Amino acid sequence: MSAKAKKILSDILYPLAVVAAVVGIWAIAAAAMGVSMILPTPAEAVREFFAYLGSSSFWRAVGNTAWRAAYSFVISFVLALAFAILSHFFKTAERLIRPFVAIIRAIPTMAVILILIICLNSRLAPAVVAIIVIFPTMYSSFFAAIRGVDPKLVQMSKVYSVSPKDSLFKLYLPNMAEGLFEGSASGISLNIKLVIAAEVQAQTMSSLGNLMYNAKWMLETEKLFALTIAAVILSVACEWLIRLIGRAVIRWK
């Protein structure tokens with residue numbers, strides 16, 4: 001078996017083994033508990049999940065949550081990248097941005113959610129929460145990626161008087177690509193979790209968070225677990241898509 005085939009096999013087998021282990025532990029715990037209202041079995045949760053797949057209101061909720069996660073993530077990405085570039089090229093900007101980012105990072109996430117629910121409507125608040133919480137993490141990741149560009153290449157660009165525009169688009173961004181996409185892949189899952197958490201608190205209509213809130217309120221635990229499975233699938237799919245795009249861009253580079 002070739003090294004490539006072994007890698008592909010391991011990429012498939014290891015995740016499947018982890019999923020099987022989690023499901024096995026879940027099944028044992030549910031059997032030991034014996035109360036589906038507290039901890040349903042994997043079979044009950046999967047049955048409810050497939051029942052949701054036939055519901056138009058479920059797909060509408062997933063679409064709304066995915067849309068909030070998508071545009072909030074794009075805004076966070078653009079802001080974090082812009083601030084990271086400013087911080088790298090202008091020391092004064094870094095001195096101003098660093099404490100600002102530190103303050104945002106220090107604010108408890110729940111406090112951000114509750115404050116924004118009061119200040120904004122229930123549809124907008126989840127996206128703004130995600131932007132505020134994700135931004136510091138992505139900024140730090142992108143700033144580190146810029147700092148990680150080979151100093152010899154940077155020095156060479158200065159020797160040959162390469163313009164700032166060419167340095168940014170032909171030196172920094174191509175060499176930052178791996179760090180950018182790795183940070184983005186890690187950030188998108190957290191972004192989706194934050195959006196859903198804020199939707200639960202804000203009781204945002206027609207959203208995954210609202211469906212979870214209703215399932216919890218009605219003590220329909222199997223539905224809550226089914227919705228959790230949907231949220232996990234959405235997060236994994238988005239993360240996989242970003243990594244796939246990242247690999248394509250890096251190969252093109």
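Numbers for residues simply follow the sequence, beginning at 1. From a predicted model like this one, the values you see are computed outputs, not experimental measurements.
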Under 4.5 Å between side-chain heavy atoms, hopping through other hydrophobics if needed: is there a path connecting [X] to [Y]?
X	Y	value
L234	L241	yes
I107	V128	yes
L208	M218	yes
I146	F90	yes
F100	L116	yes

Can you tell me if [X] uses its side chain to pair, donor with acceptor, with the backbone of [Y] under 3.5 Å?
X	Y	answer
E239	V236	no
W240	S235	no
T204	S122	yes
E220	A215	no

What's the spacing between [X] [atom1] and [Y] [atom2] if we round to 0.5 Å?
X	Y	atom1	atom2	result
S141	L81	OG	CG	10.5 Å
F77	I188	CZ	CD1	11.0 Å
R68	I196	CZ	CD1	11.0 Å
L194	I132	CG	CD1	11.0 Å
L96	L86	CG	CG	10.5 Å
T228	I233	OG1	CD1	11.0 Å

Does any part of the side chain of [Y], heavy atoms only, come nearer than 4.5 Å to the side chain of [X], both counted from C-beta?
X	Y	result
S87	Y139	yes
R147	H88	yes
F49	K223	no
S72	I134	no
E48	F225	no

Show, in sequence, the C-alpha distance, side-chain angles and deciding distance for M138 and F73, and conclude whether the side chain to side chain contact (heavy atoms under 4.5 Å, CB included) test is met. CA-CA 10 Å; M138 297 188 72; F73 177 77; 3.7 Å; yes
Working note: S55 + R60, criterion side chain to side chain donor-acceptor pair (under 3.5 Å); need CA distance, chi angles, decisive distance, verdict. CA-CA 9 Å; S55 168; R60 188 160 52 249; over 6 Å; no
When you look at OH of Y71, are more than 12 heavy atoms from neighbouring residues, nucleotides or ligands closer to it than 6.0 Å?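 Enclosed.
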Would you confirm whether the ring centroid of F142 sits within less than 6.0 angstrom of the ring centroid of F83?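 No, the ring centres sit 6.0 Å or more apart.
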Y52 ring center near W59 ring center (under 6.0 Å):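 So the answer is no for these two rings.
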In terms of side-chain geometry, is the basic nitrogen of K216 or E222 positioned less than 4.0 Å from the acidic oxygen of its partner?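 Salt bridge: no.
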Could you verify whether a donor N or O on one side chain and an acceptor N or O on the other, from S206 and N64, lie under 3.5 Å apart?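 Checked: S206/N64 side chains pair up, N/O donor to acceptor below 3.5 Å.
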If you apply the rule side chain to side chain contact (heavy atoms under 4.5 Å, CB included), what do you find for N210 with E199, and how did you get there? CA-CA 6 Å; N210 188 243; E199 288 174 343; 6.0 Å; no
Quick check: closest heavy atoms across S76 and A130, and the distance to 0.1 Å?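 Scanning both residues, the minimum pair turns out to be OG-O, 4.1 Å.
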